[in-house]
Amino acid sequence: MKTALIALSLLAATPAAAQVMTPAEYVKTAGASDLYERQSSQIVLQTTQDPKVRQFAEQMIAEHTKSTADVKAAAARSRVAAAPPKLMPAQVELIAELRAESGPARDATYIAQQKTSHNQALDVQKAYAVEGGAPSLKAAAGKIVPVVQSHIAMLMAM
């Protein structure tokens with residue numbers, strides 16, 4: 001798990017911190033992030049016995065489905081092509097690691113991955129909300145920031 005988390009951390013640092021994302025890069029990155037959140041949550045729901053993990057995962061599916069729709073709508077208003085979301089290589093590795101676990105170990109891996117991925121998502125959303133080039137995408141990112149912050153607060157309480 002540590003290898004994939006390190007890879008995800010490096011992935012997180014690159015686009016948001018190194019340069020301002022183009023609208024297309026933002027749409028691609030946000031879509032991959034939401035897709036990872038939904039897929040990882042669906043995996044943990046298959047086996048978790050922890051009601052807190054179950055509730056969090058169900059909320060992640062609902063809220064990351066909504067943020068994908070919001071970004072797609074904003075992309076359309078900005079005339080930015082929004083291809084179907086695709087996981088980044090580090091996210092594919094994280095999904096594989098999550099599938100390899102079971103029981104409480106899967107829950108622990110899921111929570112650890114969620115903490116890292118939500119911090120990455122927060123960095124991306126904040127950066128685009130401040131420096132983004134497409135006004136409707138910038139507004140969408142600004143609305144997503146507090147949602148991601150609430151997810152991080154929930155994770156810290158788990």
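What you are looking at is a predicted structure, and each value in this text was computed from that prediction instead of being measured.
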* To do: Taking the side chain as every heavy atom from C-beta outward, state whether R106 and T48 have any pair of such atoms under 4.5 Å apart.
  => no
* To do: Count the heavy atoms belonging to other residues, nucleotides or ligands that lie under 6.0 Å from CZ of R99, then report whether that count exceeds 12.
  => no
* To do: State, with a plain yes or no, whether a side-chain heavy atom of Y110 is found less than 4.5 Å away from one of M158.
  => no
* Asked: What are the two closest heavy atoms between T68 and P85, and how far apart are they?
  -> CG2-CG, 4.4 Å
* Asked: Would a 4.5 Å heavy-atom cut-off, applied to side chains only, mark L35 and Q39 as touching?
  -> yes
* Say you draw a straight line from CD of Q113 to CD of E37; how long is it, rounded to the nearest 0.5 Å? -> 9.5 Å
* Does some side-chain heavy atom of Y128 sit less than 4.5 Å from a side-chain heavy atom of P23? -> yes
* Please test E58 against S41 for side-chain hydrogen bond (donor to acceptor under 3.5 Å, both in side chains), starting from the C-alpha separation and ending with a verdict. => CA-CA 7 Å; E58 289 170 347; S41 295; over 6 Å; no
* Given the rule in the side-chain contact (heavy atoms from CB on, under 4.5 Å) test, do K115 and M156 qualify, once you have shown the distances and angles that lead to the verdict? -> CA-CA 8 Å; K115 288 176 180 177; M156 293 303 130; 3.9 Å; yes
* Structure fact -> Interatomic distance, CG@D123 vs NZ@K126, rounded to 0.5 Å, equals 7.5 Å
Donor-acceptor list for residues 137-155 side chains, cut-off 3.5 Å, not counting sequence neighbours:
unit_1	atom_1	unit_2	atom_2	d
K138	NZ	V130	O	3.2
S150	OG	V147	O	2.6
H151	ND1	H118	NE2	3.1
H151	NE2	E63	OE1	2.4

* To the nearest 0.5 Å, what is the distance between NE2 (H64) and CG (D70)? -> 12.0 Å
* To do: For residues L45 and V53, determine if any side-chain heavy atom of one lies less than 4.5 Å from a side-chain heavy atom of the other.
  => no
* Would you mind reporting whether S40 and L94 have side-chain heavy atoms less than 4.5 Å apart? => no
* Calculate, to the nearest 0.5 Å, the distance between atoms OG and CD belonging to S102 and Q46 respectively. => 12.0 Å
* **Backbone of L122 reached by a side-chain donor or acceptor of Q125 within 3.5 Å** => no
* To do: Check salt bridge (Lys or Arg N to Asp or Glu O under 4.0 Å) between D50 and all other residues, then give those that pass, not counting sequence neighbours.
  => none
* Asked: Heavy atoms, side chains only, cut-off 4.5 Å: are Q114 and Y36 in contact?
  -> yes
* Asked: Going through the checks in order, is the side-chain hydrogen bond (donor to acceptor under 3.5 Å, both in side chains) test met by S33 and Q120?
  -> CA-CA 9 Å; S33 177; Q120 173 196 3; 5.7 Å; no
* Got a donor-acceptor contact below 3.5 angstrom from the S78 side chain to the A75 backbone? -> no
* Structure fact -> For T109 and E101 the tightest heavy-atom approach is OG1-CG, 3.6 Å
* Heavy atoms of other groups near Q55 CD, more than 12 under 6.0 Å -> no
* Any link between F56 and I61 through a network of hydrophobic side chains (Ile, Leu, Val, Met, Phe, Trp, Tyr) touching at under 4.5 Å? -> no
* Taking a hydrophobic cluster as the set of Ile, Leu, Val, Met, Phe, Trp and Tyr residues connected by side-chain heavy atoms closer than 4.5 Å, whether directly or through intermediates, do V92 and V44 fall within one such cluster? -> yes
